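For reference, the structure discussed in these notes is given below.
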Number of protein chains: 2
Amino acid sequence: MSRYSISDLARELDITPRAIRFYEEQGMLSPERRGQERVYGSRDKVTLKLILRGKRIGFSLAECKELIELYDPAEGNRVQLETFMRKIEERRAQLDQQLLDIEQMKLELDTAEERCRAAIAATSA
Amino acid sequence: MSRYSISDLARELDITPRAIRFYEEQGMLSPERRGQERVYGSRDKVTLKLILRGKRIGFSLAECKELIELYDPAEGNRVQLETFMRKIEERRAQLDQQLLDIEQMKLELDTAEERCRAAIAATSA
DNA sequence: CATTTGCTTGACGTTAACGTAAAGCAAGGT
DNA sequence: ACCTTGCTTTACGTTAACGTCAAGCAAATG
């Protein structure tokens, strides 16, 4: 079992200790303590990676928190589970929309690049 | 040539007039005026759609502005054009990373959904 | 003519996601 | 014994992206 200090994780994941403490404040992490120091395990690391990935695709921290809770099978009754399923479907739809957006964006980058090439060619002529 | 009022566009694109004026304030739009009223054309609409798409995939407004400028072939010298090309490549790399992130996220939604199904099945047993 | 409707420009308020500075404990080196 | 290093908490500051009044013009409508 691997253990990390807060600055270990900060270095490895390229974020600040402040950010990590902030995520804890928001209830997304709850590391152990040795005295007053925080000690993180591999599960915490996974959670942090989930947060960072969520952020990269444009989710707010609140949304990232939901994703973490989805990952965490928090003992729920039937109604809650069905609510979860709906949330999962919403996410999936959102992700599919983002895939479309990205494809579209890439096409536009293609044409922008093409115009650049043309302009450079015109310059050297 | 189609012309729109600010609230026309707001309704159609499902944003507020305030947001549209804000984008103009940030130099991303420059609609014509009829008297003191703003009059938007189809090009403005395209720009707005670009902004919204950019936002959906997690770009800041500043980044969206860059994307618009890429789309707009702003007469540049050779060095500027090469700078543009580099930016385009950066974007492309970022988009590819986002594609990976989204695929990964979808896989995790799969397993989350699976656990939900299992839990519901266990409930009804 | 008075009023409503839709636009305008300011200006201040708000939320998210941290940054940053202050002040202090606790372990290890010299 | 002292100093540095790394952690801690508390608290106020900051930026982005608008929201939310407030006050006013201008055309249309009763």
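Just so we're on the same page: letters track the sequence lines, and every chain starts at 1. All values derive from a computational prediction rather than experimental measurement.
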Among residues at least two apart in sequence or on other chains, which ones pass salt bridge (Lys or Arg N to Asp or Glu O under 4.0 Å) with K87(A)? E66(A)

What's touching nucleotides 13-15 of chain D from the protein side, N or O pairs under 3.5 Å?
none

Report the distance from atom [atom1] of [X] to atom [atom2] of [N], rounded to the nearest whole Å.
X      : N       : atom1 : atom2 : result
L48(B) : dA17(D) : CG    : P     : 15 Å
E32(A) : dC7(D)  : CD    : C1'   : 17 Å
R34(B) : dC7(C)  : CZ    : P     : 11 Å
E37(A) : dT5(D)  : CD    : P     : 16 Å
E24(A) : dA17(C) : CD    : C1'   : 16 Å
L29(B) : dC18(D) : CG    : P     : 12 Å
E63(A) : dA16(C) : CD    : P     : 12 Å
L9(B)  : dC7(C)  : CG    : C1'   : 14 Å

Between [Y] and [X], is there a salt bridge with N-O shorter than 4.0 Å?
X      : Y       : result
D8(B)  : R3(B)   : no
K55(A) : D101(B) : no
R86(A) : E89(A)  : no

For [X], enumerate each residue passing the side-chain contact (heavy atoms from CB on, under 4.5 Å) test, keeping only those at least two apart in sequence or located in another chain.
X       : result
R117(B) : M85(A), E113(B), E114(B)
E12(A)  : Y4(A), K45(A)
Q98(A)  : I57(A), F59(A), Q94(A), L95(A), I57(B), I102(B)

At under 4.0 Å between heavy atoms, which parts of nucleotides 18-28 of chain C does protein reach? Answer with one letter per nucleotide, 5' to 3': B base, S sugar-phosphate only, - none. BBB--------

Would a hydrophobic clustering, with Ile, Leu, Val, Met, Phe, Trp and Tyr connected at side-chain separations under 4.5 Å, put V46(A) with L109(B)? yes

Computed from five pairs at either end and rounded to 10 degrees, the angle between the axes of the helix from dC1(C)-dG30(D) to dT30(C)-dA1(D) is 20°

Taking only residues two or more places apart in sequence or in another chain, which ones pass side chain to side chain donor-acceptor pair (under 3.5 Å) with [X]?
X       : result
E108(A) : R53(B)
E82(B)  : R78(B)
S30(A)  : none
R18(B)  : none

Hey, does R21(B) reach any base, or is it just sugar-phosphate, or nothing, if we go heavy atoms under 4.0 Å? base

Select one nucleotide: of dC7(C), dT8(D), dA17(D), the one nearest the side-chain heavy atoms of R33(A). dT8(D)

Think S5(B) has a side-chain N or O under 4.0 angstrom from the OP1 or OP2 of dG6(C)?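 No.
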
So, does R38(B) get its side chain near the phosphate of dT8(C), meaning an N or O under 4.0 Å from OP1 or OP2? yes

A quick test of your reading: do over 12 heavy atoms of other residues, nucleotides or ligands sit less than 6.0 Å from CZ of R34(A)? no

Rounded to the nearest 0.5 Å, what separates atom CG in L52(A) from atom OH in Y23(A)? 6.0 Å

Check the interface with nucleotides 27-29 of chain D: list each N/O to N/O pair with the protein under 3.5 Å, or write none.
none

